[in-house]
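Step one of this worksheet: look at the structure below.
Note that the coordinates shown come from a computational prediction; the quantities given were computed from them, not determined experimentally. In listed order, ligands and their atoms are each counted from 1.
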Amino acid sequence: MKKEQAGLYIHIPFCLSKCGYCSFYSIKSVHLIPEYIAALKKEIKHYRNVFSSFDTIYIGGGTPSLLSILQIDDILTAVNKYYKIDRQAEITIEVNPGDVSLEYFQALRKLGINRLNIGVQSFDDKILHLLGRRHSAEEAIAAIEAARAAGFDNLGIDLIYGVHGLNINSWEKTLQKAVSFRPEHISCYQLSLSENTPLYKKYSSEGWKLPDENTELKLYLTTSEELENAGYIHYEVSNFARKDKLKSRHNQKYWQHVPYMGLGPAAHSFLNNKRWWNKAAVKTYLKEIAAGEMPVEGSESLSAEQLQLEALFLRLRTKAGIDLKCYQTKYGIDLCEDKKTIIDALIKNELVELKNGFLRPTRAGMAIADSLALI
Ligand code: SF4
């Protein structure tokens, strides 16, 4: 089996305003960006003897498109200085529709960035307003068109469903609108609300509810059917790609236990069955790096059993499923023998299928993927 190269994730933990549903780590103190980039470059350098090469780079956030072209160039120059970057590397940046322009996209392409992920979320201004996004539907469309005009041929868009006021019909229209731009990749996330978010409080005060289980399932199945009918491969619970080669190469590393290095506050890394993660605080990050320390908050060495359970969990969220032979070689477990009764029951209920040596979730199975992993 060919050894996969590692992936690099770079976190840009700044947002001009916080979306109402967001529980990711990011802060509004954008004046810290120059200092942050200087610290990030030190962190990039620090791991040069731990990782050596990457074939995917993902600049995520937060809002990476708050960075100027010079700042992004500065980061990528540091990466290229200390690591070998594959000539065919997938290099992605997440962008917010309100921040970008044709010139910005053209400059990103010149830096070697070849994949964009645009945080569209909705094509309906009312929904965008409710979510607390700081861009309009018109700006989202303009961003997609500008990306195409700049020559990006690997474009992903993110959408959110299950929002108050967005019924199945209007969600179908959103999907159709998204498909009309023929993005290479679409991610559809079901709205979930953590208690400490403003939108959670709004839902509580207005007496709104998130969709019940049945509606949730209907929305999920509609999404899968609509996008598959439009020619997309539903390759992971929330992810769709127009072709195999257009699946997110970077995200697949997370699902397949391929090593990755995550830089910036709250970022996670994985290598040789060990996972470690940084503290989720920009100021601490800056202070510790200035003092010559790495802002690592914790680490864990995964036992063979933990790795095996994680593999089960992660792969049953993907259409590719579990390669049973590889699974047995790696973890010493004949899954079909070990879990025969339950797997037979899942097959009977059309939640998984056994085909060509793979155990795969069906569409209905993927809808309850997290429970499938409890087999
Ligand atoms: S842009 Fe993304 S990271 Fe920033 S607040 Fe909104 S959802 Fe959170």
Side-chain angles (χ1 to χ4, degrees), residues 9-33 36-37 40 58-68 71-72 75 92-101 104-105 108 115-144 147 155-164 166 174 178 185-203 210 238-239 248 250-251 254 262-268 277-283 285:
Y9 175 79
I10 298 174
H11 191 57
I12 307 298
F14 300 95
C15 292
L16 277 187
S17 57
K18 281 300 270 189
C19 302
Y21 56 93
C22 180
S23 51
F24 298 122
Y25 179 66
S26 70
I27 58 168
K28 293 188 265 181
S29 320
V30 290
H31 65 279
L32 292 174
I33 290 178
Y36 178 69
I37 291 174
L40 188 60
Y58 194 104
I59 307 177
T63 314
S65 50
L66 288 179
L67 267 48
S68 69
Q71 289 169 327
I72 298 169
I75 295 171
T92 308
I93 188 166
E94 284 178 355
V95 300
N96 183 313
D99 303 334
V100 291
S101 63
Y104 190 78
F105 284 144
L108 288 180
R115 185 169 182 274
L116 285 181
N117 208 61
I118 307 182
V120 171
Q121 317 308 351
S122 174
F123 292 104
D124 179 334
D125 282 337
K126 279 204 269 343
I127 301 288
L128 289 170
H129 181 72
L130 179 66
L131 290 172
R133 301 288 303 178
R134 62 181 171 85
H135 63 86
S136 64
E138 201 181 303
E139 283 173 314
I141 294 169
I144 296 171
L155 192 64
I157 64 176
D158 288 353
L159 298 171
I160 295 183
Y161 64 98
V163 186
H164 177 78
L166 186 69
T174 306
H185 196 273
I186 303 179
S187 301
C188 299
Y189 300 105
Q190 175 128 5
L191 179 68
S192 68
L193 291 175
S194 310
E195 276 187 32
N196 55 356
T197 56
L199 198 54
Y200 177 90
K201 288 174 192 138
K202 171 101 180 148
Y203 266 63
L210 286 171
S238 310
N239 289 293
S248 164
H250 184 80
N251 285 347
Y254 299 143
L263 304 178
H268 284 58
W277 55 94
N278 282 345
K279 293 172 187 164
V282 172
K283 288 208 170 141
Y285 178 89

Working to the nearest 0.5 angstrom, can you tell me the gap between I59 CD1 and L116 CG? 10.5 Å
Heavy-atom contacts with Y21 under 4.0 Å: which atoms of ligand 1 show up? List them by number with element. 7 (S)
Classify the angle between the aromatic ring planes of H268 and W277 as parallel (below 30°), tilted (30 to 60°) or perpendicular (above 60°). parallel
For ligand 1, which atoms sit closer than 4.0 Å to a heavy atom of R133? 1 (S), 6 (Fe), 7 (S)
Only distances under 3.5 Å count here; give the side-chain donor-acceptor pairs of residues 12-22 to other protein atoms, sequence neighbours excluded, each with its distance to 0.1 Å.
from : atom 1 : to   : atom 2 : distance (Å)
K18  : NZ     : F24  : O      : 3.0
K18  : NZ     : S26  : OG     : 2.8
Y21  : OH     : R133 : NH1    : 3.0

Partner set under side-chain contact (heavy atoms from CB on, under 4.5 Å) for E94, not counting sequence neighbours: Y58, P64, N117
If a pair satisfies salt bridge (Lys or Arg N to Asp or Glu O under 4.0 Å) and one of its residues is in residues 120-132, list it, with sequence neighbours excluded. none
Protein N, O or S atoms less than 2.8 Å from atom 4 (Fe) of ligand 1, ignoring waters? C15 SG
Among V30, V95, N96, the one residue meeting side-chain contact (heavy atoms from CB on, under 4.5 Å) with T63: N96
Test item: I93 and L67 side chains (from C-beta on) under 4.5 Å apart, heavy atoms: no
